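Note sheet for the following structure.
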Amino acid sequence: MPKSYALIDCNNFYASCERAFRPDLVGRPVVVLSNNDGCVIARSNEAKDMGVPMGAPYYKCRSMLERRGVAVFSSNYALYGDMSARVMKILTRFCPEVEIYSIDEAFCDLTGIQGGAEAFGRKLRATVHAWTGIPVSVGVGPTKTLAKLANRFAKKQERCRGVFDFGASPAPDLVLQWTEIGDVWGIGPRHAKRLRKMGVTNALKFRELKRNWVKKKMTVAGLQTLLELRGWPCLDFAMGPVGKKTIVSSRSFGHPVTSLEDMLEATAKYMTRAVEKLRKQRSVASIIHVSLETNRFKLGEPQYSDTLSIPLAISTSHTPTFIRAAQAGMERLFKEGYTYKKCGVMLSGLEPEHGRWLNLLALPPAHRPSDKPLMQAVDNCNTKWGRDTVAFAASGIRQGWKMKREMRSPRYTTVWDEILQVG
DNA sequence: TCTGGGGTCCTAGGACCC
DNA sequence: TCTGGGGTCCTAGGACCC
């Protein structure tokens, strides 16, 4: 039986989340900023129509946004994560086979669905909107890449009213022709530029290219895109949570950092967060990477950035072990005389917590029997009473480097004190 | 003053081994 | 004048995604 996939994508997700709790903002332009209120990362349709570009530095468009009455928010990931979970839960109710692809997107396997894909899509869209306030678009196609394409078409073409089934279209090639080459899933700016130069300006023209040429110039990833556009499924459908292979925690500082002390505090803090994520997916890690960088936009200042990898003697998820190693690494990386903008840590060599290889030669101080309950107790406290209820002293108290989020909306759905008040 | 953060996969080329 | 060849593993860097 031919496959049928739906891609459900939340429209302007972060902006829609802000709006879900602020009905006064319906019809008004809304933008959401990145960490540190750095740049624009989400825009409502009204803001897009005003020409606010994605990724625009906030300081450059701030006065324009104010002048035109745009509602501006710092990012509120607690809210977005929770809203995402609600949307995904609804999808799972309607369709047992769901692959959560990102915070605002999921694929559903509709193969063999009764009553037609479009009707299914309409029902899903109406339900998600009614239950969460989030508008979604639904695209359906015989491969994931075509479902993506259909989704874009549904979103951009008014007459689709949010749902488009590629398979039921009388003229699917026109949709391919309509899709600009850079908007094809899997074709990034580099390849798009080169293809355009050759006259391959849309998805239909790309589909006509020779397999061998595409494989040679764009590797197997490009070949998969080609075949998927031809209707051959190449990309797997992955249900259930997939454990990450690397875990990153890195952030720009709220203020420039010049001292080693601040750098070590931030390193401890980010490492704490990374290892929390590690335990959450029930994994252990064996390699640490630390990195730092100066502000690459300040052309006049001396620039320096570097990363360092540190193998641990044993795989673990014990936070103090990671903090010690990461700070030692950061001390080696740090050079006086530079003004730093950002640092980060990454964990790799991840394995499941149970059934991992043990290094028989290494002394395992990180695995005294008491360590695991300790970490568990820390996690429990922080889950119950909020992040950083229990923290590590190495992260410091002052935290002068902490990021700025001056326009964050209340965490309506995850913190009792910030719940929406009526009346 | 002010420019995000977190991921995956592929390939080429070097190191190393026999 | 004039290099051996072939395999595996690892890493850095590139390209892509949201």
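As the structure is a prediction and not an experimental result, all values here were calculated from the model. Chain letters run A, B, ... following the sequence lines, proteins first and then strands; every chain starts at 1.
- With respect to the salt-bridge test (charged N to carboxylate O, under 4.0 angstrom), the residues A:D388 and A:K269 qualify.
- The residue among A:N36 and A:T246 whose nearest nucleotide of DNA chain B is located toward the 5' end is A:N36.
- Both tests hold for A:K335 against A:Y304: distance to the six-membered ring centre under 6.0 Å, angle to the ring axis within 45°.
- Here A:R161 does not pair with A:E118 in a salt bridge; the nearest charged N to carboxylate O distance is not below 4.0 Å.
- As judged by a 4.0 angstrom heavy-atom cut-off over every strand, A:K404 is placed among residues making no nucleic acid contact.
- Under the Watson-Crick or G-U wobble criterion, with both distances below 3.5 Å, B:dG5 is paired with C:dC18.
- If you walk DNA chain C from 5' to 3' and mark each nucleotide with an atom closer than 4.0 Å to a heavy atom of chain A, the marks span C:dA15 to C:dC18.
- In summary, the aromatic rings of A:F237 and A:Y5 are positioned with their centroids under 6.0 Å apart.
- Using a 4.0 Å heavy-atom cutoff across all strands shown, A:D37 reaches no nucleic acid atom at all.
- Aromatic ring centres of A:Y101 and A:W185: separated by under 6.0 Å.
- The residue among A:S252 and A:P256 whose nearest nucleotide of DNA chain B lies closer to the 5′ end is A:P256.
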### Message
Would A:D379 and A:R279 count as a salt bridge (Lys or Arg N to Asp or Glu O under 4.0 Å) here? Give the steps.
### Response
CA-CA 9 Å; A:D379 288 340; A:R279 286 195 297 269; 2.7 Å; yes

